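All heavy atoms count here, side chains included; hydrogens, waters and symmetry mates do not. Everything numeric here is computed off the predicted structure, so don't read it as measured data.
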Amino acid sequence: MQSLVKGQLVMSLLVSDELAFDTHVELAYDPSDPFAVRLTFHLPGDPPVSWIFGRELLLDGITRPTGEGDVRVVPVPGTDEDFMDVCIELHSPDGMAVLRSPAIPLIAFLGRTDRVLPMGQEHTVADLDRQLELILGRA
């Protein structure tokens with residue numbers, strides 16, 4: 001059984017060009033859903049907000065603008081000129097949220113997911129699950 005990977009970090013929630021506040025964010029990767037990561041953040045007085053999007057989208061967005069539709073991930077200049085920050089744009093019918101983080105903790109989280117299930121090998125898990133369902137007569 002492969003293990004769940006979780007990461008806790010503080011990201012800036014950008015309210016406007018002039019206003020941002022820090023919020024706690026949890027990233028989670030479950031190898032049973034091998035292509036996805038879950039991002040959950042908490043706003044004071046509201047229930048947690050969770051988004052699920054592609055692990056590869058997060059990886060690609062660290063180095064180049066990636067995504068279309070509900071989730072975009074875009075590298076931006078960081079406060080430390082040697083390292084980039086990453087903006088994760090979340091679009092819903094209710095509005096948009098932009099979370100900003102240094103790239104390093106995101107890279108560390110993705111590295112931990114890669115040790116559990118290397119990128120590019122996700123299809124083997126799905127194939128194995130399908131084969132087990134066939135063997136057990138559940139398909």
Side-chain angles (χ1 to χ4, degrees):
M1 178 79 176
Q2 296 169 332
S3 56
L4 182 69
V5 176
K6 287 188 176 184
Q8 301 278 333
L9 62 149
V10 174
M11 297 179 84
S12 294
L13 178 62
L14 307 177
V15 178
S16 70
D17 289 339
E18 298 84 29
L19 180 62
F21 64 90
D22 290 342
T23 186
H24 291 277
V25 174
E26 179 182 87
L27 291 170
Y29 175 73
D30 185 346
S32 68
D33 187 4
F35 295 100
V37 294
R38 176 185 300 266
L39 179 147
T40 302
F41 62 98
H42 305 271
L43 300 174
D46 287 333
V49 177
S50 290
W51 284 74
I52 298 173
F53 53 91
R55 175 169 68 150
E56 192 170 339
L57 177 78
L58 183 58
L59 175 66
D60 290 347
I62 289 171
T63 57
R64 61 184 172 83
T66 305
E68 49 190 61
D70 294 347
V71 180
R72 288 202 58 200
V73 184
V74 180
V76 295
T79 52
D80 180 340
E81 63 186 51
D82 293 332
F83 298 102
M84 296 296 285
D85 280 1
V86 176
C87 283
I88 300 173
E89 301 173 2
L90 307 169
H91 300 264
S92 78
D94 297 327
M96 181 174 100
V98 179
L99 295 161
R100 182 175 179 150
S101 170
I104 299 298
L106 299 174
I107 293 167
F109 170 76
L110 288 167
R112 291 175 42 227
T113 71
D114 197 58
R115 286 191 291 279
V116 169
L117 180 61
M119 286 211 190
Q121 294 185 12
E122 296 93 347
H123 67 282
T124 59
V125 171
D127 291 345
L128 180 60
D129 286 346
R130 246 188 318 275
Q131 290 300 318
L132 283 172
E133 287 177 2
L134 287 172
I135 290 168
L136 297 172
R138 296 182 186 160

### Query
Between Leu110 and Leu27, does a side chain to side chain contact (heavy atoms under 4.5 Å, CB included) hold up when you go through it step by step?
CA-CA 10 Å; Leu110 288 167; Leu27 291 170; over 6 Å; no
### Verdict with supporting geometry, Leu117 and Phe35, side chain to side chain contact (heavy atoms under 4.5 Å, CB included)
CA-CA 10 Å; Leu117 180 61; Phe35 295 100; over 6 Å; no
### Query
Would Leu58 and Leu39 satisfy side chain to side chain contact (heavy atoms under 4.5 Å, CB included), going step by step from the backbone distance to the final call?
CA-CA 11 Å; Leu58 183 58; Leu39 179 147; over 6 Å; no
### Task
Assess whether side chain to side chain contact (heavy atoms under 4.5 Å, CB included) is satisfied between Trp51 and Ile88, documenting all intermediate values.
CA-CA 11 Å; Trp51 284 74; Ile88 300 173; over 6 Å; no
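Summarising the geometry, atom CG belonging to Leu99 is positioned 11.0 Å from atom CG belonging to Asp22; distances are rounded to the nearest 0.5 Å. Atom NE2 in His42 sits 6.5 Å away from atom CD in Glu26 (nearest 0.5 Å). Interatomic distance, Met84 CE to Ile107 CD1, rounded to the nearest 0.5 Å: 10.5 Å. Note that the CE atom of Met119 and the CZ atom of Arg55 stand 4.0 Å from one another [nearest 0.5 Å]. To the nearest 0.5 Å, atom CZ of residue Arg72 and atom OG1 of residue Thr66 are 8.0 Å apart.
Looking only at atom types and distance, the side chain of Asp94 has no donor-acceptor partner in the side chain of Ser92 under 3.5 Å away.
Of all non-hydrogen atoms in Pro65 and Pro75, the two that sit nearest each other are N-CD, 3.6 Å. Counting all heavy atoms, side chain and backbone alike, Ile62 lies closest to Ala103 at CG2-CB, 4.1 Å. Between Arg112 and Lys6, the closest heavy-atom pair is NH2-O, 2.6 Å. Here the shortest heavy-atom pairing between Ala36 and Ile52 reads CB-CG2, 3.6 Å. In this structure, Val116 and Pro31 approach most closely via the heavy-atom pair CG1-CG, 3.4 Å. In terms of heavy-atom proximity, Ser101 sits nearest to Leu9 at OG-CD1, 3.4 Å.
Counting heavy atoms of neighbouring residues, nucleotides and ligands inside a 6.0 Å radius, atom CG of Asp82 exceeds 12 of them.
Side-chain atoms of Tyr29 come within 3.5 Å of backbone atoms of Pro34 as a donor-acceptor pair (strictly under, hydrogens ignored).
Under the 4.5 Å side-chain heavy-atom criterion for grouping Ile, Leu, Val, Met, Phe, Trp and Tyr, Leu90 is not connected to Val98 through any hydrophobic cluster. Linking ILVMFWY residues whenever their side-chain heavy atoms come closer than 4.5 Å, directly or via other members, leaves Met96 and Val71 in distinct clusters. Following chains of ILVMFWY side-chain contacts shorter than 4.5 Å, one can reach Val37 starting from Leu57, so the two form part of one hydrophobic cluster. Linking ILVMFWY residues whenever their side-chain heavy atoms come closer than 4.5 Å, directly or via other members, places Val49 and Leu13 in the same cluster. Tracing side-chain contacts under 4.5 Å through hydrophobic residues (I, L, V, M, F, W, Y), one reaches Phe41 starting from Val15; they form part of the same cluster.
The side chain to side chain donor-acceptor pair (under 3.5 Å) test applied to Arg64 returns Asp60, not counting sequence neighbours. Listed by chain and residue number, Val74, Asp85, Cys87, Arg100 satisfy the side chain to side chain contact (heavy atoms under 4.5 Å, CB included) test with Val76 (two or more places apart in sequence, or in another chain).
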